[in-house]
Amino acid sequence: MDTAELPAARPAAPARRAAALRRALRELGLVAALFLIYKAARVAGADRVSTAVGNGEWIWRLERLFHLPDEAAFQRPVLSHELLVHLANGYYAYVHFPATVLCLIWLYVRHPVRYLWTRRMLAGLTAAALALHFLVPLAPPRLTALTGMVDTGSRYGPAVYGPPDTDALSNQYAAMPSLHVGWALAVAVALIAVTGGRLRWLWLAHPLATLLVVVTTGNHYWLDGIVAAVLLAIVCLVLPRPRAGDQPTHPPTRRPGGWPRQRVPAPQAPPGHPPRRADAGDVVRTP
């Protein structure tokens with residue numbers, strides 16, 4: 001059967017905007033709910049201080065056994081430059097969460113398929129980290145006397161945490177793994193996947209800077225970042241790869257030559273007459 005091309009009905013702009021707003025609000029609510037669940041569950045496991053400090057001492061000795069760099073020796077040169085300490089504290093306090101949110105927003109707008117995959121990747125990594133927080137409570141180096149490290153946040157500012165004995169808003173004894181490093185690496189992986197050219201590898205500067213910052217500020221051991229990277233790799237291997245079918249359904253958008261067209265059957269010729277052929281006059285374009 002021959003067919004002719006006729007223009008599809010132009011979707012109403014208010015309806016398109018309303019649908020896009022509903023999708024955005026739904027995604028925002030989902031991400032916010034996941035984050036609040038994580039925070040609540042993390043705080044719920046903050047009462048095993050002695051176990052966390054003992055685990056911190058064990059991690060410290062294990063790192064020396066593996067000849068990993070001494071965190072305290074790494075921190076000391078930075079302490080002699082107060083500006084560097086303030087920069088490290090600021091990066092720890094103000095870059096981690098906003099960078100992740102901005103990445104998700106940009107992916108949602110420009111790369112919806114990769115956004116869904118990244119959201120699932122972050123959720124899987126965070127769930128795995130939460131399980132480890134319960135199984136292996138760990139005091140950070142700044143709260144483990146054996147390390148001799150300085151709490152740069154409380155001494156120089158800006159400080160993210162209050163006194164650990166009275167801080168009811170966060171669990172400071174959940175250093176394993178480092179979600180600062182894990183989320184930063186997830187952001188880099190997502191942006192590398194949607195960026196072209198050799199310069200895309202510069203996105204790795206974010207997780208590298210984050211790793212150096214969390215160690216310098218005494219908030220994490222090297223192993224915290226290493227374990228976060230291993231967990232992320234496992235999540236990426238288990239998570240199904242992005243597919244075109246995962247992309248949210250969007251209203252039709254205008255093409256350079258006009259609005260999207262749909263093919264409909266051409267009028268049938270009367271019995272006994274040759275089939276009617278579609279010609280240029282059967283195609284109507286909407287400017």
Side-chain angles (χ1 to χ4, degrees), residues 26-27 30-39 41-42 45 55 59 62-63 65-69 95-97 99-138 171 174-215 219-248:
R26 187 165 55 245
E27 288 296 328
L30 176 60
V31 172
L34 290 173
F35 180 74
L36 290 176
I37 291 172
Y38 162 73
K39 290 291 289 184
R42 180 177 162 120
N55 287 339
I59 289 291
L62 181 65
E63 288 187 336
L65 181 64
F66 288 149
H67 302 289
L68 290 176
V95 175
H96 164 60
F97 191 73
T100 306
V101 171
L102 289 175
C103 173
L104 288 174
I105 292 174
W106 187 74
L107 290 174
Y108 178 82
V109 173
R110 299 296 300 272
H111 303 277
V113 175
R114 183 60 60 173
Y115 161 79
L116 290 175
W117 187 80
T118 303
R119 188 193 69 191
R120 294 164 184 164
M121 174 176 60
L122 286 170
L125 172 63
T126 304
L130 187 59
L132 266 183
H133 292 163
F134 278 104
L135 295 174
V136 188
L138 180 65
N171 179 4
M176 173 69 73
S178 168
L179 276 181
H180 271 71
V181 174
W183 283 17
L185 189 56
V187 166
V189 168
L191 294 178
I192 287 171
V194 298
T195 307
R198 295 180 180 178
L199 292 179
R200 69 183 185 276
W201 299 108
L202 291 177
W203 291 118
L204 291 174
H206 176 44
L208 178 59
T210 301
L211 176 61
L212 298 179
V213 161
V214 298
V215 171
N219 283 290
H220 288 284
Y221 302 91
W222 299 111
L223 277 178
D224 297 339
I226 293 172
V227 171
V230 171
L231 286 178
L232 181 64
I234 295 173
V235 169
C236 290
L237 289 174
V238 173
L239 199 64
R241 306 305 298 173
R243 298 173 302 174
D246 292 334
Q247 185 166 354

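Across every non-hydrogen atom of V214 and L211, the tightest pair is CG2-O, 3.2 Å. Looking at every heavy atom in both residues, H133 comes nearest to A174 through NE2-O, 3.4 Å. Shown here for R241 and C236, the closest heavy-atom pair between the two residues is NH1-O, 3.9 Å. Taking every heavy atom of both residues into account, M121 and V235 meet most closely at O-CG1, 3.8 Å. Residues V194 and R114 approach most closely at CG1-CG, 3.5 Å, considering heavy atoms. Considering every non-hydrogen atom in both A228 and S178, the closest pair reads CB-O, 3.3 Å.
Enclosure of atom CH2 in W203 is not indicated, since only 12 or fewer non-hydrogen atoms of other residues, nucleotides or ligands lie within 6.0 angstrom.
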Next item on the list: Give the C-alpha distance, both sets of side-chain angles, the deciding distance and a yes or no for side chain to side chain contact (heavy atoms under 4.5 Å, CB included) between L132 and V136.
Entry: CA-CA 5 Å; L132 266 183; V136 188; 4.0 Å; yes
Next item on the list: Under the side chain to side chain contact (heavy atoms under 4.5 Å, CB included) rule, what do M176 and I59 come out as? Steps first, then yes or no, please.
Entry: CA-CA 10 Å; M176 173 69 73; I59 289 291; 4.0 Å; yes
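Contact check for L185 versus L125: no side-chain heavy atoms found under the 4.5 Å cut-off. In this structure, the side chains of V101 and I105 come closer than 4.5 Å at one or more pairs of heavy atoms. Looking at H220 and V181, their side chains never come closer than 4.5 Å, going by heavy atoms from C-beta outward. With a 4.5 Å cut-off on side-chain heavy atoms, V95 and V213 do not count as touching.
The aromatic rings of F97 and W183 lie tilted to each other, with the angle between the two planes from 30° to 60°.
Note that CD1 of I192 and CG of L199 are 11.5 Å apart. Values are rounded to the nearest 0.5 Å. Atom CH2 of residue W201 and atom CG of residue L191 lie 12.5 Å apart, to the nearest 0.5 angstrom. In this structure, H111 NE2 and T118 OG1 are separated by 10.0 Å, a value rounded to the nearest 0.5 Å. Atom CG of L62 is separated from atom CG of N55 by 11.5 Å, given to the nearest 0.5 angstrom. Atoms SG and OH, on C103 and Y115 in that order, are 10.5 Å from each other to the nearest 0.5 Å. We find the OH-CG distance between Y221 and L68 to be 13.0 Å, quoted to the nearest 0.5 Å.
The only option from I234, L232, V227 that meets the side-chain contact (heavy atoms from CB on, under 4.5 Å) definition with V230 turns out to be I234.
Checking side-chain atoms of H96 against main-chain N and O of A184 turns up no donor-acceptor pair under 3.5 Å. With hydrogens and angles disregarded, no donor-acceptor distance shorter than 3.5 Å links the side chain of R120 to the backbone of W117.
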